[in-house]
Amino acid sequence: QVQLVESGGGLVQAGGSLRLSCADSGRTFSSHIFGWFRQAPGKEREFVAAISRSGDSTNTAESVKGRFIISRDNAKNTVYLQMNSLKPEDTAVYYCAGSSSGVLRVSNTYYGYWGQGTQVTVSS
């Protein structure tokens, strides 16, 4: 069972940084891939980044490539999203998601486990 809890969101000025964390209280963390998605008001949920079971492979959306880094610590059952050079258009609710699939898919339909989300607001 995968149970995800995000933290680390907040209000930051443009150009600033935040690190989101996603903790899994289940017992199968290392057997799942994880992704971060975001949803802005009035917009569809969009893929941000995903990471493989071992952490040696990642997939990052073009819109955040070079600014956001996904990582994981299997000893701590935690996935991270380091967000640098934040822009107002990064403002959204950010969700952590888990999948038993081994493929780093960008579609949210392939992820069966979701956290409650954490708000990130970037002011200009």
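All residue numbers in this chain count up from 1 along the given sequence.
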Evaluate the side chain to side chain contact (heavy atoms under 4.5 Å, CB included) criterion for residues Val48 and Thr60: first the C-alpha distance (whole Å), next the side-chain angles of each, then the deciding distance (0.1 Å), finally the verdict. CA-CA 6 Å; Val48 176; Thr60 306; 5.8 Å; no
Give every residue pair that meets the salt bridge (charged side-chain N to carboxylate O under 4.0 Å, His left out) criterion with at least one member in residues 85-101, sequence neighbours excluded. Arg38-Asp90, Arg67-Asp90
Test of understanding: with ring-ring contact (aromatic ring centres under 6.0 Å, His included), list the residues that count as partners of Tyr94, not counting sequence neighbours. none
Please tabulate, for the side chains in residues 116-124, all donor-acceptor contacts under 3.5 angstrom to protein atoms that are two or more places apart in sequence or on a different chain.
from: Gln116; atom 1: NE2; to: Glu6; atom 2: O; distance (Å): 3.3
from: Thr118; atom 1: OG1; to: Gly9; atom 2: N; distance (Å): 3.2
from: Gln119; atom 1: NE2; to: Ala92; atom 2: O; distance (Å): 3.4
from: Gln119; atom 1: NE2; to: Thr121; atom 2: OG1; distance (Å): 3.3

Hydrophobic clusters join Ile, Leu, Val, Met, Phe, Trp and Tyr when side-chain heavy atoms are under 4.5 Å apart, directly or via other members; which others share one with Val5? none
With a 6.0 Å cut-off on ring centres, are Phe34 and Tyr113 close enough? no
If I take atom CG from residue Asn84 and atom OG from residue Ser17, how far apart are they, to the nearest 0.5 angstrom? 4.0 Å
Would you call Val79 and Ile70 a side-chain contact if the rule is heavy atoms closer than 4.5 Å? yes
Quick one: list whatever passes salt bridge (charged side-chain N to carboxylate O under 4.0 Å, His left out) with Lys76, sequence neighbours left out. none
Any pair with a residue in residues 12-35 that passes salt bridge (charged side-chain N to carboxylate O under 4.0 Å, His left out), sequence neighbours left out, goes on the list, sorted by first then second residue, please. none
Is there a donor in the side chain of Thr78 and an acceptor in the side chain of Asp73, or the other way round, less than 3.5 Å apart? no
Which other residues belong to the hydrophobic cluster containing Val103, where Ile, Leu, Val, Met, Phe, Trp and Tyr are joined when side-chain heavy atoms lie under 4.5 Å apart, directly or via other members? none
Are Val12 and Leu20 connected, step by step, through hydrophobic side chains (Ile, Leu, Val, Met, Phe, Trp, Tyr) whose heavy atoms are closer than 4.5 Å? yes
Set of residues satisfying salt bridge (charged side-chain N to carboxylate O under 4.0 Å, His left out) with respect to Glu44, sequence neighbours excluded: none
I'd like to check the ring-ring contact (aromatic ring centres under 6.0 Å, His included) partners of Phe68; sequence neighbours left out, ordered by chain and number. none
Using a 4.5 Å side-chain heavy-atom cut-off and chaining through intermediate ILVMFWY residues, the residues clustered with Val93 come out as Ile33, Phe37, Phe47, Tyr95, Leu104, Val106, Tyr110, Tyr111, Trp114
Work out which heavy atom in Leu4 is nearest to a heavy atom in Gly98; give both atom names and the distance. CD1-N, 3.8 Å
First locate atom OG of Ser52, then atom CG of Asn59, and finally report the distance between them rounded to the nearest 0.5 Å. 10.5 Å
Would you check, one step at a time, whether the test side chain to side chain contact (heavy atoms under 4.5 Å, CB included) holds for Trp36 with Ile51? CA-CA 9 Å; Trp36 285 97; Ile51 190 165; over 6 Å; no
Do any pairs count as a salt bridge (charged side-chain N to carboxylate O under 4.0 Å, His left out) and have a residue in residues 51-64, sequence neighbours left out, and if so which ones? Glu62-Lys65
Thr28 side-chain N/O to Ser31 backbone N/O, donor-acceptor pair under 3.5 Å: no
Ser71 meets the side-chain contact (heavy atoms from CB on, under 4.5 Å) criterion, sequence neighbours left out, with Tyr80
